[in-house]
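For reference, the structure is listed below as structure tokens.
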Amino acid sequence: SSLFFSFLTTLLCVLVACPVAYFIAFMVKRGQNFLLMLLVMPSWTNIITQIYAWFVLLQKNGVVSKAISALHITNTPIHLLNNKPVIIMGLVYCFLPFMVLPIYLSLLSIKKNLIEASADLGATDLQTFWHIIVPLSRGGLLNGILLVAVPAFGEYAAIEILGGANYALWGGNIVNSY
């Protein structure tokens, strides 16, 4: 299960981080620092604090349950915790900045004239992406994968808080043995 959570968290972080980093690096002309600050700011708090914030939002009488009841989708409060999608969502939320930043930095190192030369030689945007941008940003992608996969494999707090006692994982086994 630890390998499953780590793999899925890393995969989802890659799928979300690549477009976000690309957007910030190439599409945003002004305000890149502000967007990066918004992205990094949640990671300034402890991961347990971040996970407890999700716990408060998703518990049976939490904000999300009350909002769903207020919209008359259901009459009874719903318990959104203790399942795999919520655990994955919490892990992706906590580790996403560690994937975006290395990819963003590797995208910044790509010289704009290489992209312009690709367009001048008749390459489509997709060809430029696959043959210029992806190979030149591979180092940032690999660093991001390491920065997410390794801690997600041993993550204990998010799985215990959001998943309850339903999941016995590597980090939990280590904590319980001591």
Side-chain angles (χ1 to χ4, degrees), residues 1-54 57-58 64 83-159 161-163 169-171:
S1 291
S2 294
L3 196 57
F4 167 77
F5 282 117
S6 177
F7 174 77
L8 197 54
T9 299
T10 304
L11 179 66
L12 290 174
C13 280
V14 166
L15 293 176
V16 172
C18 286
V20 169
Y22 184 86
F23 175 78
I24 294 172
F26 292 123
M27 303 297 190
V28 176
K29 302 296 182 211
R30 294 175 44 193
Q32 285 182 344
N33 291 338
F34 179 72
L35 289 176
L36 289 172
M37 182 190 69
L38 288 178
L39 179 75
V40 172
M41 210 189 277
S43 65
W44 292 348
T45 61
N46 190 323
I47 192 169
I48 295 173
T49 306
Q50 295 176 43
I51 296 301
Y52 266 115
W54 280 108
L57 289 173
L58 298 174
V64 175
N83 59 54
K84 288 181 181 179
V86 168
I87 294 171
I88 295 296
M89 180 196 63
L91 289 172
V92 169
Y93 173 79
C94 290
F95 291 117
L96 187 62
F98 300 107
M99 182 68 74
V100 173
L101 289 176
I103 295 171
Y104 168 76
L105 291 174
S106 67
L107 290 173
L108 280 184
S109 68
I110 297 174
K111 296 188 178 5
K112 302 267 191 262
N113 60 0
L114 291 174
I115 296 170
E116 292 169 2
S118 174
D120 290 344
L121 292 171
T124 64
D125 290 341
L126 189 61
Q127 289 173 325
T128 301
F129 179 76
W130 282 111
H131 296 290
I132 304 294
I133 294 174
V134 169
L136 293 176
S137 64
R138 189 174 293 140
L141 182 63
L142 293 176
N143 285 333
I145 288 171
L146 284 175
L147 286 172
V148 171
V150 173
F153 181 78
E155 180 57 42
Y156 167 70
I159 295 165
I161 295 168
L162 296 177
L169 301 170
W170 185 263

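Because only heavy atoms are used, hydrogens play no part in the values below, and waters and symmetry mates are left out as well, while side chains stay in.
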Leu101 and Leu147, any side-chain heavy atoms less than 4.5 Å apart: no
Do you know the tightest heavy-atom contact between [X] and [Y]?
{"X": "Leu91", "Y": "Glu155", "result": "CD2-CG, 3.4 Å"}
{"X": "Phe95", "Y": "Pro151", "result": "CE2-CB, 3.7 Å"}
{"X": "Pro97", "Y": "Cys94", "result": "CD-O, 3.8 Å"}

Measure the [atom1]-[atom2] distance between [X] and [Y] for me, rounded to the nearest 0.5 Å.
{"X": "Met99", "Y": "Leu146", "atom1": "CE", "atom2": "CG", "result": "9.0 Å"}
{"X": "Phe4", "Y": "Lys84", "atom1": "CZ", "atom2": "NZ", "result": "5.0 Å"}
{"X": "Ile103", "Y": "Leu142", "atom1": "CD1", "atom2": "CG", "result": "9.5 Å"}
{"X": "Ile51", "Y": "Leu162", "atom1": "CD1", "atom2": "CG", "result": "5.0 Å"}

Counterpart residues, side chain to side chain contact (heavy atoms under 4.5 Å, CB included), relative to Ala123 (two or more places apart):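 Applying side chain to side chain contact (heavy atoms under 4.5 Å, CB included) to Ala123 gives Ser118, Gln127, Thr128.
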Results of side chain to side chain contact (heavy atoms under 4.5 Å, CB included) for Leu126 - residues two or more places apart only: Thr124, Trp130
Flag if over 12 foreign heavy atoms under 6.0 Å of NZ, Lys112: yes
Pairwise side-chain hydrogen bond (donor to acceptor under 3.5 Å, both in side chains) hits with a residue in residues 131-150, at least two apart: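 Sorted result for residues 131-150: empty, none.
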Selection residues 37-50 - residue pairs positive for side-chain hydrogen bond (donor to acceptor under 3.5 Å, both in side chains), sequence neighbours left out: none
Which atom pairs, donor and acceptor, lie under 3.5 Å between side-chain atoms of residues 23-41 and protein residues at least two apart or in another chain?
{"from": "Gln32", "atom 1": "OE1", "to": "Tyr104", "atom 2": "OH", "distance (Å)": "3.2"}
{"from": "Gln32", "atom 1": "NE2", "to": "Ile24", "atom 2": "O", "distance (Å)": "2.7"}
{"from": "Gln32", "atom 1": "NE2", "to": "Ala25", "atom 2": "O", "distance (Å)": "3.3"}
{"from": "Gln32", "atom 1": "NE2", "to": "Val28", "atom 2": "O", "distance (Å)": "3.2"}

Check: residues 7-21 side-chain donor-acceptor pairs under 3.5 Å, at least two apart:
{"from": "Thr9", "atom 1": "OG1", "to": "Phe5", "atom 2": "O", "distance (Å)": "2.6"}
{"from": "Thr10", "atom 1": "OG1", "to": "Ser6", "atom 2": "O", "distance (Å)": "2.7"}

Residues that Ser106 engages under side chain to side chain donor-acceptor pair (under 3.5 Å), provided they are two or more places apart: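 Side chain to side chain donor-acceptor pair (under 3.5 Å) check on Ser106 returns nothing, list empty.
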Ring pair (Phe, Tyr, Trp, His ring centres under 6.0 Å) partners of Phe98, counting only residues at least two apart: none
